[in-house]
Visitor: 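Here you go, one structure.
Quick caveat: nothing in here was measured; it's all calculated off a predicted structure. Position 1 is the first residue of the sequence; numbering continues from there.
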Amino acid sequence: MEQHEHTHIEKHAIASFMVDGKRGLTPTLLFNLLQEAAVNHANLLGVGWDFLHQYNQFWALSRMDVEILRMPQWLDQVTIYTWPKMNHYLIQPRDYQMEAADGEVLVRATSNWVILDGEGKPRQLSAYEDKLGVVEGLHAIPTPASRLRSGVPCENPVFKPVVYSNIDLNRHANNSAYVTWVMDSFDHDFHLTHNLAFLTINYLQQTHANDHYAVMRQETAPDDFLCSIYSEKDRVEVCRVRCKWREIA
């Protein structure tokens, strides 16, 4: 793809620990790779974790749309391109494109990030305007990251604990943990016969160690599911996800 001054590029080999029984990259690991590219780019721009931590602030992902044209397979060599777009007061949009070694576009994504303080309140981006490295007019997905306006009611939930492996360096459940929880709500046979085609995720509240969560799911159209993740505490909806699947021929 066309490269700009503020486009960050990372290359990865899809290793065996990153794939599922179909030898495809798992949605969780795909999400991790995209998220890590964003984290690394923020560090290079001088507005990463260490810089913000001195002000008791950190980046948080609020929304993301991921379109999967073809999931990378075991041993594939992939390149991730990511770039920040024009910010809107509190929101920093960021896009991603993953390509195969021959230039085939595998994944496209767009996201919204915010800077939060220690109390979880968003901070204005104007203080860091000179560090954000905006790329104008370049879009992996032309529309902004989607807002899911309704969720699934919390009826007869089965709560599970937030475990050690879910927690990140900010001591919250990592963004990718929510993807794992939703993917694990589908049984193994479903995964063997379907590939994820599109995922929208909206983060509503943070989840911490010792919390308990439940995934509520509703099929709104064939192979099109709306999911809500609830915290056991006060039955608060903490995350909302839409995932579309394509059946394997």
Side-chain angles (χ1 to χ4, degrees), residues 4-10 28 30-66 80-97 108-149 162 166-179 199-209 211 229 231 236-241:
H4 294 256
E5 178 186 359
H6 297 299
T7 302
H8 178 62
I9 302 171
E10 295 190 358
T28 298
L30 170 63
F31 208 83
N32 279 339
L33 289 176
L34 299 180
Q35 175 179 266
E36 192 66 12
V39 169
N40 292 340
H41 195 198
N43 286 333
L44 290 173
L45 291 171
V47 66
W49 194 89
D50 286 335
F51 174 79
L52 291 178
H53 186 64
Q54 64 185 325
Y55 304 110
N56 196 30
Q57 298 173 359
F58 60 93
W59 284 107
L61 182 61
S62 61
R63 299 180 192 169
M64 192 165 187
D65 288 350
V66 182
I80 297 173
Y81 302 85
T82 184
W83 60 96
K85 302 199 291 188
M86 186 64 68
N87 63 74
H88 310 291
Y89 183 55
L90 298 175
I91 303 298
Q92 175 65 71
R94 172 177 285 274
D95 278 13
Y96 314 77
Q97 186 159 297
R108 294 190 286 246
T110 190
S111 60
N112 286 353
W113 293 78
V114 296
I115 293 177
L116 300 181
D117 63 21
E119 297 179 353
K121 297 179 180 179
R123 310 297 297 181
Q124 294 185 31
L125 298 173
S126 56
Y128 310 118
E129 201 75 44
D130 61 330
K131 295 179 177 290
L132 295 177
V134 170
V135 176
E136 297 189 41
L138 180 63
H139 307 282
I141 294 178
T143 53
S146 305
R147 178 185 177 187
L148 298 174
R149 296 183 178 274
V162 176
N166 298 148
I167 303 302
D168 65 13
L169 77 173
N170 294 313
R171 297 187 178 180
H172 310 136
N174 189 275
N175 298 328
S176 63
Y178 300 83
V179 177
L199 183 140
T200 293
I201 188 163
N202 291 183
Y203 297 95
L204 308 176
Q205 292 198 25
Q206 298 169 2
T207 309
H208 302 85
D211 285 346
I229 301 176
S231 171
V236 173
E237 189 181 12
V238 296
C239 186
R240 195 172 288 165
V241 178

Visitor: Using the side-chain contact (heavy atoms from CB on, under 4.5 Å) criterion, which residues pair with His208? Sequence neighbours excluded.
Guide: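 Listed in chain order: His172, Gln206, Asp211.
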
Visitor: Is there a side chain to side chain contact (heavy atoms under 4.5 Å, CB included) between Val114 and Ile91? Walk through the geometry before answering.
Guide: CA-CA 5 Å; Val114 296; Ile91 303 298; 3.4 Å; yes

Visitor: What's the separation between atom OH in Tyr96 and atom CD in Glu10, rounded to the nearest 0.5 Å?
Guide: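 If I round to the nearest 0.5 Å, the distance is 11.0 Å.
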
Visitor: Please give me the minimum heavy-atom distance between Gly133 and Pro84, naming the atom from each residue.
Guide: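 Scanning both residues, the minimum pair turns out to be O-CG, 3.0 Å.
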
Visitor: Looking at residues at least two apart in the chain, or sitting in another chain, which of them share a side-chain contact (heavy atoms from CB on, under 4.5 Å) with Thr143?
Guide: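 Scan of Thr143 (side-chain contact (heavy atoms from CB on, under 4.5 Å), adjacent residues dropped) gives Ile141.
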
Visitor: Among Leu204, Thr207, Val238, which residue satisfies the side chain to side chain contact (heavy atoms under 4.5 Å, CB included) criterion with Ser231?
Guide: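 Single side chain to side chain contact (heavy atoms under 4.5 Å, CB included) partner of Ser231 among Leu204, Thr207, Val238: Val238.
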
Visitor: Sequence neighbours excluded, which residues qualify as side-chain contact (heavy atoms from CB on, under 4.5 Å) partners of Pro122?
Guide: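 Pro122: side-chain contact (heavy atoms from CB on, under 4.5 Å) contacts with Leu90, Leu116.
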
Visitor: Could you pull out all residues at least two apart from Tyr178 that satisfy ring pair (Phe, Tyr, Trp, His ring centres under 6.0 Å)?
Guide: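 Applying ring pair (Phe, Tyr, Trp, His ring centres under 6.0 Å) to Tyr178 gives Trp181, Tyr203.
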
Visitor: Might you work through the side chain to side chain contact (heavy atoms under 4.5 Å, CB included) test for Asp50 and Asn43, ending with a clear yes or no?
Guide: CA-CA 8 Å; Asp50 286 335; Asn43 286 333; 5.7 Å; no

Visitor: To the closest 0.5 Å, what do you measure between CD (Gln35) and OG1 (Thr28)?
Guide: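 Between Gln35 CD and Thr28 OG1, I get 11.0 Å after rounding to 0.5 Å.
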
Visitor: Could you work out, with side-chain hydrogen bond (donor to acceptor under 3.5 Å, both in side chains) as the rule, every residue matching Asp95, not counting sequence neighbours?
Guide: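 Scan of Asp95 (side-chain hydrogen bond (donor to acceptor under 3.5 Å, both in side chains), adjacent residues dropped) gives Lys85, Thr110.
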
Visitor: Which pair of heavy atoms, one from Leu34 and one from Ala109, lies closest together, and at what distance?
Guide: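 Minimum heavy-atom contact is CD1-CB, 4.2 Å.
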
Visitor: Can you run down the salt bridge (charged side-chain N to carboxylate O under 4.0 Å, His left out) pairs that involve residues 122-147, sequence neighbours left out, and say none if there aren't any?
Guide: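 Qualifying pairs: Asp117-Arg123.
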
Visitor: Of all residues at least two apart in sequence or in a different chain, which pass the ring pair (Phe, Tyr, Trp, His ring centres under 6.0 Å) check with His53?
Guide: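 Scan of His53 (ring pair (Phe, Tyr, Trp, His ring centres under 6.0 Å), adjacent residues dropped) gives Trp49.
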
Visitor: Rounded to the nearest 0.5 Å, how far does CD1 of Ile201 lie from OG of Ser176?
Guide: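 CD1 of Ile201 is found 9.0 Å from OG of Ser176.
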
Visitor: Is the closest side-chain heavy-atom distance between Leu125 and Ile115 below 4.5 Å?
Guide: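 When only atoms from C-beta onward are counted, Ile115 and Leu125 do touch, with a gap below 4.5 Å.
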
Visitor: In sequence, state the C-alpha distance, the side-chain angles, and the governing distance for Asn32 and Val179, and then conclude on side chain to side chain contact (heavy atoms under 4.5 Å, CB included).
Guide: CA-CA 10 Å; Asn32 279 339; Val179 177; over 6 Å; no

Visitor: At their closest point, which heavy atom of Ala42 faces which heavy atom of Arg94, and how far apart are they?
Guide: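 Here Ala42 and Arg94 meet closest at N-NH2, 4.4 Å.
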
Visitor: Drop me the distance from Ile9's CD1 to Trp83's CH2, to the nearest 0.5 angstrom.
Guide: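 Atom-to-atom, Ile9:CD1 and Trp83:CH2 are 10.5 Å apart.
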
Visitor: For Trp59, which residues count as a side-chain hydrogen bond (donor to acceptor under 3.5 Å, both in side chains) partner, sequence neighbours excluded?
Guide: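 With sequence neighbours excluded, Trp59 shows a side-chain hydrogen bond (donor to acceptor under 3.5 Å, both in side chains) to no residue whatsoever.
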
Visitor: Just to verify, what does Glu237 make a side-chain hydrogen bond (donor to acceptor under 3.5 Å, both in side chains) with, not counting sequence neighbours?
Guide: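 If we apply the side-chain hydrogen bond (donor to acceptor under 3.5 Å, both in side chains) test to Glu237, skipping adjacent residues, the hits are Ser228, Arg240.
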
Visitor: Kindly write out the residues that satisfy ring pair (Phe, Tyr, Trp, His ring centres under 6.0 Å) with Phe51, not counting sequence neighbours, or none if the list is empty.
Guide: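 Here the qualifying residues are Tyr55, Tyr128.
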
Visitor: Would you tell me whether Asn112 and Ser62 have side-chain atoms, one donor and one acceptor, within less than 3.5 Å of each other?
Guide: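 Note: Asn112 and Ser62 side chains miss the donor-acceptor criterion.
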
Visitor: Just jot down the side-chain hydrogen bond (donor to acceptor under 3.5 Å, both in side chains) partners of Arg63, sequence neighbours excluded, or say none.
Guide: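 side-chain hydrogen bond (donor to acceptor under 3.5 Å, both in side chains) check on Arg63 returns nothing, list empty.
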
Visitor: Got a second to check how far Asp168's CG is from Phe58's CZ, nearest 0.5 Å?
Guide: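 The CZ atom of Phe58 is 8.5 Å from CG of Asp168, to the nearest 0.5 Å.
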
Visitor: What distance separates Gln92 CD from Met86 CE, expressed to the nearest 0.5 Å?
Guide: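 Taking CD in Gln92 and CE in Met86, the distance rounds to 9.5 Å.
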
Visitor: Please report the shortest heavy-atom distance between Ala37 and His8, naming the atom on each side.
Guide: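 Nearest pair, atom of Ala37 first, then His8: O-CD2, 3.6 Å.
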
Visitor: If the condition is side-chain contact (heavy atoms from CB on, under 4.5 Å), which residues does His6 pass it with, not counting sequence neighbours?
Guide: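 Only Leu45, Val135 meet the side-chain contact (heavy atoms from CB on, under 4.5 Å) criterion with His6.
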
